Amino acid sequence: MSLIKVLDSALANKIAAGEVIERPASVVKELVENSIDAGATSIEIKIKEAGKKIISVSDNGKGMDKEDAHLAFKRHATSKIIKERDLFNIHTLGFRGEALPSIAAVANVTIETSTGEAGTKLKLVNSNVVEEETCASRKGTTIKVENLFYNTPARLKYLKSDNVEISHINEIVSKLSLAHPNISFTLYIDDKINFSSTGRGDVLEVISSLYGISVAREMKKFSGETDDFVISGYTSSLGISKSNRNFIITILNGRCVRMIGVVNAVIDAYKTYLSDDRFPITVINIEIDPTLVDVNVHPAKHEVRLSKENELKSLVEKTIREVFKVENIAPRIYSEPSSKSAQIELDVDTFYNSKASFMEEIAINENLIKEDSEEVNDFVDFSSVPNEEKKYIRLNPIGQLHAKYILAYDEKALYIVDQHAAAERINYEKFQKELNDQEKWLYTDLLVPIVVNMSNSQSRRLMDYLSLFKDIGIEMVPFGINSYKVSTIPIWMKEANASEYIDDMIEQVLSNNGRLKIGDLRLKAISTLACKASLKANKVLSMQEMQTLLDNLFTCNNPFTCPHGRPTLIVYDSYELDKMFKRV
Ligand code: ADP
Ligand code: MG
């Protein structure tokens with residue numbers, strides 16, 4: 001008797017669903033992409049119970065006749081490619097013919113569709129059509145997906161909290177609406193409108209409804225092309241930036257795909273303008289001959305393969321840099337790295353090596369730590385050393401470079417100190433001392449409540465952290481769509497820049513995917529405070545101010561990095577210098 005059997009199609013579909021349909025947001029993505037492929041100009045998405053109960057997508061696209069409506073739920077049934085050749089020349093979002101059968105394998109599906117003639121209504125349970133009738137002849141398609149994953153309990157259990165699942169749905173709809181500004185999208189969550197776009201074709205208008213008008217005002221338009229690529233989009237001026245890269249959105253031929261190379265090129269374009277831990281908001285549209293792209297790398301089509309990716313990356317970086325030149329938005333801090341300043345550019349390797357030997361030297365010379373201390377690379381913990389003893393490091397300032405770095409020396413070495421990073425470290429430890437001991441942070445009522453705007457997916461996820469924020473004195477409640485109203489702030493927060501503090505903290509909290517505890521949030525609050533309160537790069541300092549900053553730095557427990565982990569100083573000891581002058 002043979003052991004190998006061909007799987008029946010319901011089971012095969014259930015297995016395939018594992019690849020394409022990970023969570024409610026995947027259903028939304030597949031259905032909305034089908035509507036886009038069907039030429040819809042208006043798409044309405046309705047979600048109940050984070051998509052676990054109902055996901056329904058209605059469009060005014062071309063619809064299907066009765067025969068096609070049946071075929072659409074057969075595996076590998078697609079109207080989008082016919083021959084193998086087509087696979088390398090794909091103009092539609094779908095082409096695998098897998099989505100509908102996969103969805104029907106893990107949920108109950110009802111479809112109503114019409115090409116303008118008498119419509120067809122089908123009800124499917126466990127991949128089989130169990131009901132069929134005619135329905136209204138409104139041109140378009142409505143697909144309703146109920147009780148997702150009812151028959152795959154493991155999948156259901158794996159889903160995250162409702163707010164997280166909804167934020168994934170928000171994110172998909174946001175990206176698709178940015179990619180298709182000429183289609184009007186409306187997203188209802190539990191009967192309330194969560195997001196809508198007009199479909200007037202203006203990306204900036206979509207940006208505005210997603211991120212708020214204040215963001216939209218700061219966006220700069222760009223466009224550029226080579227023989228192979230045409231790019232266009234909007235990118236933020238330096239007035240606004242984010243603490244994570246999720247706001248850099250890449251769209252390739254209308255498809256929302258993660259293009260890590262392009263995202264990095266955007267970040268590189270901002271390199272001398274934004275610090276390493278800040279990122280722009282960018283929507284970038286890339287048009288390319290479909291034969292140069294392989295979309296068939298990933299079942300859910302999250303990723304694509306591109307030939308000539310390097311050409312695209314340099315186009316992106318160059319085009320976005322142009323924006324700054326034209327707009328002249330930022331004071332340039334230093335010129336191209338090829339100029340004289342190159343010699344003192346931060347070289348991470350050199351820094352770490354020289355810091356290691358510097359630390360070693362301290363250890364040996366000053367006998368502060370025992371000789372058997374294993375790891376020179378680890379930061380020496382000075383915390384057990386009384387302050388007076390720590391002051392033994394006294395650097396003498398020589399002058400300031402680019403209004404940003406302090407040059408200093410002692411008998412052992414030459415030091416380049418990042419003034420902002422140093423000030424941040426000093427403030428961080430100071431605030432930590434003051435605030436961490438307090439059992440409960442005191443808070444104060446705001447006379448005028450602050451309203452913070454954010455993207456709808458952020459605003460969803462923030463719900464999970466409201467009580468935590470309350471514990472540190474920030475009380476906020478949802479306020480309209482994508483906004484929160486803040487009524488109290490901790491007393492240390494200055495009312496004038498409170499909205500900026502809160503904005504930053506929200507971002508830090510949301511970009512941290514793990515679960516946060518109150519202690520973590522306090523530390524984030526303190527590092528935000530330290531950053532805001534600190535001396536900026538670009539401030540010209542007197543010798544006395546430099547001296548004070550250097551002295552204060554060396555009273556810190558960890559003088560060598562800022563609270564974000566970046567170095568505060570680099571060291572060139574005599575060995576380093578000899579090496580650079582080729583004396584060794
Ligand atoms: P694919 O999109 O990869 O072709 P799907 O399983 O998503 O595969 O859809 C199967 C087919 O059903 C599509 O090729 C299309 O012909 C039809 N279809 C699906 N959704 C719609 C819709 N909203 N309007 C019109 N036709 C649709
Ligand atoms: Mg599809």
Side-chain angles (χ1 to χ4, degrees), residues 9-10 12-22 25-46 55-84 86-107 109-122 124 127 129 135-145 172-173 176 179-180 183-186 253-257 290 294-302 304:
S9 71
N13 285 335
K14 217 161 147 181
I15 293 170
E19 285 187 329
V20 194
I21 309 299
E22 261 181 289
S26 336
V27 175
V28 173
K29 173 175 184 284
E30 295 296 337
L31 295 181
V32 172
E33 286 188 346
N34 280 346
S35 299
I36 296 171
D37 283 345
T41 56
S42 167
I43 300 174
E44 212 174 75
I45 304 131
K46 292 182 176 159
I55 297 169
S56 130
V57 174
S58 287
D59 66 52
N60 63 351
K62 65 175 183 243
M64 285 175 267
D65 63 17
K66 190 161 121 188
E67 195 185 343
D68 278 349
H70 279 275
L71 271 174
F73 289 93
K74 297 262 181 301
R75 207 152 142 65
H76 303 307
T78 175
S79 57
K80 298 167 195 175
I81 49 177
I82 297 164
K83 297 178 286 304
E84 189 181 326
D86 296 337
L87 193 52
F88 303 100
N89 188 9
I90 286 171
H91 294 269
T92 49
L93 297 174
F95 59 87
R96 300 168 69 108
E98 274 181 335
L100 291 184
S102 299
I103 295 170
V106 291
V109 178
T110 313
I111 178 171
E112 281 182 53
T113 183
S114 160
T115 55
E117 317 275 296
T120 309
K121 178 173 176 179
L122 303 178
L124 290 95
S127 300
V129 178
C135 66
S137 55
R138 183 191 67 87
K139 190 174 159 206
T141 303
T142 298
I143 295 184
K144 188 157 126 196
V145 175
I172 289 287
V173 176
L176 286 166
H180 300 275
I183 298 175
S184 129
F185 289 84
T186 313
N253 291 351
R255 191 185 290 283
C256 300
V257 281
D294 184 359
V295 264
N296 199 16
V297 209
H298 189 285
K301 308 177 217 98
H302 287 315
V304 293

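Just follow the structure's listing: the first ligand is 1, and inside any ligand the first atom is 1. For the numbers below, each heavy atom of this structure counts, side chains included, while hydrogens, waters and symmetry mates do not. A quick note: this is a predicted structure, and the numbers were derived from the prediction, not measured.
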K.L.:
Within the structure, does Ile143 bring an N/O atom to less than 3.5 angstrom of an N/O atom in ligand 1?
P.N.:
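So ligand 1 has no N or O lying under 3.5 Å from an N or O of Ile143.
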K.L.:
From the options Leu31, Val32, Asp59, select the one whose nearest heavy atom is closest to atom 23 (N) of ligand 1.
P.N.:
Asp59
K.L.:
If we check side-chain contact (heavy atoms from CB on, under 4.5 Å) with Ile143, which of these qualifies: Val27, Thr110, Val109?
P.N.:
Val109
K.L.:
Measure Glu98 to ligand 1 on non-hydrogen atoms and call it side chain, backbone, both or neither using the 4.0 Å cut-off.
P.N.:
backbone
K.L.:
Got a donor-acceptor contact below 3.5 angstrom from the Asp59 side chain to the Gly140 backbone?
P.N.:
no
K.L.:
Could you tell me whether Thr141 approaches ligand 1 through its side chain, its backbone, both or neither, with non-hydrogen atoms closer than 4.0 Å?
P.N.:
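Thr141 to ligand 1: side-chain contact only, backbone stays beyond 4.0 Å.
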K.L.:
For Thr115, does its backbone N or O pair with a side-chain atom of Asp65 as donor and acceptor, under 3.5 Å?
P.N.:
no
K.L.:
Judged on heavy-atom distance to atom 12 (O) of ligand 1, which of Ala72, Gly63, Pro101 sits nearest?
P.N.:
Ala72
K.L.:
Just by distance, do the side chain of Thr113 and the backbone of Met64 share a donor-acceptor pair under 3.5 Å?
P.N.:
yes
K.L.:
Can you tell me if Met64 has a non-hydrogen atom under 4.0 Å from ligand 1?
P.N.:
yes
K.L.:
Is there a polar contact between ligand 1 and Asp37, counting only N or O atoms under 3.5 Å apart?
P.N.:
no
K.L.:
Let's go through Lys46 and Ser56 carefully: what are the C-alpha distance in whole Å and the side-chain angles of both, what is the deciding distance for side chain to side chain contact (heavy atoms under 4.5 Å, CB included) to 0.1 Å, and is it a yes or a no?
P.N.:
CA-CA 5 Å; Lys46 292 182 176 159; Ser56 130; 4.3 Å; yes
K.L.:
At a non-hydrogen distance cut-off of under 4.0 Å, which region of Ala99 contacts ligand 1 (side chain, backbone, both, or neither)?
P.N.:
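The answer is both, backbone and side chain.
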K.L.:
Between Val145 and Leu31, is there a side-chain heavy-atom distance shorter than 4.5 Å?
P.N.:
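Yes, close enough: below the 4.5 Å cut-off.
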